[in-house]
2 protein chains.
Amino acid sequence: MLSNKAQYAFRALTYLVDKYEQGPVLISDIAKKKKIPLKFLENILLELKRAGILESKKGKGGGYYIKQHPSKTSIAAVVRIVNGPISMLPCVSLYFYEHCQNCDEKNCGLHDMMEGVRDATLNILENRTLNDLASGKETL
Amino acid sequence: MLSNKAQYAFRALTYLVDKYEQGPVLISDIAKKKKIPLKFLENILLELKRAGILESKKGKGGGYYIKQHPSKTSIAAVVRIVNGPISMLPCVSLYFYEHCQNCDEKNCGLHDMMEGVRDATLNILENRTLNDLASGKETL
DNA sequence: AAGATACCCTACTGATTTGGTAGGATATTA
DNA sequence: TAATATCCTACCAAATCAGTAGGGTATCTT
């Protein structure tokens, strides 16, 4: 399951997508409208900024905004930043790979299955973007 | 990611599938061969028994064994028992559903995506069984 | 019946992760 | 230079995870 933090992140991003190209949005505005604890949201947005998803401006008229066009950022990328690995096993993870000390990866039934799950999942999450969070729809 | 516990469970089950219809297997045997902490494994096997996946026999000649034919138990069922929900959001979970207080589920981009991920994942995990874990696998 | 065998069961504990908060530092604008 | 708003580190409580302890209970052998 996605962590609370990850779900907050997606709610905030949904809001920012809706305000795309309308100038920076205050953290406090997002927190209020999306009912997210202010200081916690602050940390989340900062993390998304460091990862290159968001950009920010300080001082009056400042705030956060989406860096690239929303269609350029995949949902998979966001999940990895705020929630960690997408795969169900370390030994099938593309971005968080760890060698499996329990099995011969070339000959492990579970490994094969989880590779399949990973591919099926990524096929969706890599091809959906921030745009798909809003696109005509209302809120999360 | 699957918890340590879940990965232990799958390793133990793999062993039990290999020994299927060769009589009960000692916890201590599984623990030793699969390098799983004995007392922890004890709890895991007990949980799988209570959930109806395994059966056991006490006393000399006793041990654990798979209750039904391995092809009758899906990987999805095992994951739910030892690891919890398969879905990425409570509001798309079939077995651990919780109403989403953040969004209108009928009109939420993230909800739709995660429903897709759930279906793609279950399409694999519901149709693979304990048999697919075994070393000398039957062909699909 | 007695003893040995092997699972059954509850409770506990330490380490890690999760879900935040606190409080000030830094950059920008007016 | 005052106000604004993000930046940043550290901290904290609660929950979960990973595993242990210690005896209870059922079964088998002799």
Side-chain angles (χ1 to χ4, degrees), chain A residues 1-12 16 19 23-32 34-67 79 81-85 88 90 96 101-102, chain B residues 1-12 15-16 19 23-32 34-67 79 81-85 88-90 96 101-102:
Chain A
M1 298 270 265
L2 292 180
S3 63
N4 227 324
K5 174 180 164 187
Q7 296 184 47
Y8 284 153
F10 279 114
R11 288 208 274 151
L16 288 174
K19 305 276 188 193
V25 182
L26 295 181
I27 300 176
S28 56
D29 181 20
I30 305 172
K32 194 173 178 183
K34 290 296 184 177
K35 290 174 190 137
I36 302 170
L38 178 65
K39 295 294 283 183
F40 196 22
L41 179 59
E42 215 174 279
N43 291 332
I44 294 168
L45 296 180
L46 194 52
E47 201 171 346
L48 287 170
K49 183 197 171 177
R50 285 179 176 145
I53 307 294
L54 298 180
E55 197 47 88
S56 66
K57 235 188 125 196
K58 288 182 181 177
K60 182 155 195 182
Y64 273 97
Y65 53 98
I66 295 169
K67 192 170 183 179
V79 170
I81 293 161
V82 295
N83 203 73
M88 298 188 85
F96 299 84
Q101 64 269 60
N102 309 320
Chain B
M1 297 268 264
L2 292 180
S3 63
N4 229 324
K5 174 180 164 188
Q7 297 185 46
Y8 284 153
F10 278 113
R11 288 208 275 148
Y15 193 71
L16 288 174
K19 303 278 187 192
V25 182
L26 296 180
I27 300 176
S28 56
D29 181 20
I30 305 171
K32 194 173 180 182
K34 291 295 186 176
K35 288 175 192 139
I36 303 170
L38 178 64
K39 295 293 283 180
F40 197 22
L41 178 59
E42 214 174 281
N43 291 333
I44 294 168
L45 296 180
L46 194 54
E47 201 171 347
L48 287 170
K49 183 196 170 179
R50 285 179 175 146
I53 307 295
L54 299 180
E55 198 45 87
S56 65
K57 234 187 126 195
K58 287 181 179 178
K60 183 154 194 183
Y64 273 97
Y65 53 97
I66 294 170
K67 193 171 182 179
V79 170
I81 294 161
V82 296
N83 202 73
M88 299 187 86
L89 291 176
F96 300 83
Q101 63 270 58
N102 309 320

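When reading the values below, keep in mind they use all heavy atoms of this one structure, side chains included, and skip hydrogens, waters and symmetry mates.
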Presence of [X] side-chain N/O under 4.0 Å of [N] phosphate oxygens OP1/OP2:
X	N	result
B/Arg50	C/dC8	no
A/Lys60	D/dT6	no
B/Ser56	C/dC8	yes
A/Lys57	D/dA5	no

| For B/Tyr8, all residues meeting ring pair (Phe, Tyr, Trp, His ring centres under 6.0 Å), sequence neighbours excluded |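 For B/Tyr8 the ring pair (Phe, Tyr, Trp, His ring centres under 6.0 Å) partners, ignoring immediate neighbours, are B/Phe40.
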| query | In Å and rounded to the nearest 0.5 Å, what is the CG to CD1 distance from B/Leu41 to B/Ile27? | reply |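 These two atoms lie 6.5 Å from each other.
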| field | CG-CD1 distance between B/Asn4 and B/Ile36, expressed to the nearest 0.5 angstrom | value |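 Between atom CG of B/Asn4 and atom CD1 of B/Ile36 there are 10.0 Å.
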| request: Take A/Met88 and B/Val79, measure what side-chain contact (heavy atoms from CB on, under 4.5 Å) needs, and give me the verdict at the end. | output: CA-CA 10 Å; A/Met88 298 188 85; B/Val79 170; 4.3 Å; yes
[N] [atom2] sits how many Å from [X] [atom1], rounded?
X	N	atom1	atom2	value
B/Leu46	C/dA6	CG	C1'	13 Å
B/Asp29	C/dC7	CG	P	10 Å
A/Met1	D/dT16	CE	C1'	14 Å
A/Lys49	D/dC8	NZ	C1'	11 Å
A/Leu54	D/dT6	CG	C1'	13 Å
A/Ile44	D/dT6	CD1	P	14 Å

| query | Considering only C/dC8, C/dC7, D/dC8, which nucleotide approaches the side chain of B/Leu26 most closely? | reply |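 Looking only at side-chain atoms, B/Leu26 lies closest to C/dC7.
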| said: Assess the residue pair B/Leu2 and B/Phe10 against the criterion (side-chain contact (heavy atoms from CB on, under 4.5 Å)); give the C-alpha distance rounded to whole Å, side-chain angles, the decisive distance to 0.1 Å, and a yes or no. | reply: CA-CA 10 Å; B/Leu2 292 180; B/Phe10 278 113; 4.1 Å; yes
| remark: Per-nt protein contacts along nucleotides 18-26 of chain D (heavy atom under 4.0 Å; B base, S backbone sugar-phosphate only, - none) come out as SBBBB--BS
| Would A/Ile66 and A/Ile53 satisfy side-chain contact (heavy atoms from CB on, under 4.5 Å), going step by step from the backbone distance to the final call? | CA-CA 6 Å; A/Ile66 295 169; A/Ile53 307 294; 5.5 Å; no
| request: Classify the nucleic acid contact of B/Leu45 as base, sugar-phosphate or nothing, counting any heavy atom under 4.0 Å across all strands shown. | output: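 Counting heavy atoms under 4.0 Å across all strands, no contact is made by B/Leu45.
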| Which residues satisfy the salt bridge (charged side-chain N to carboxylate O under 4.0 Å, His left out) test with A/Lys39, sequence neighbours excluded? |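 Salt bridge (charged side-chain N to carboxylate O under 4.0 Å, His left out) check on A/Lys39 returns A/Glu42.
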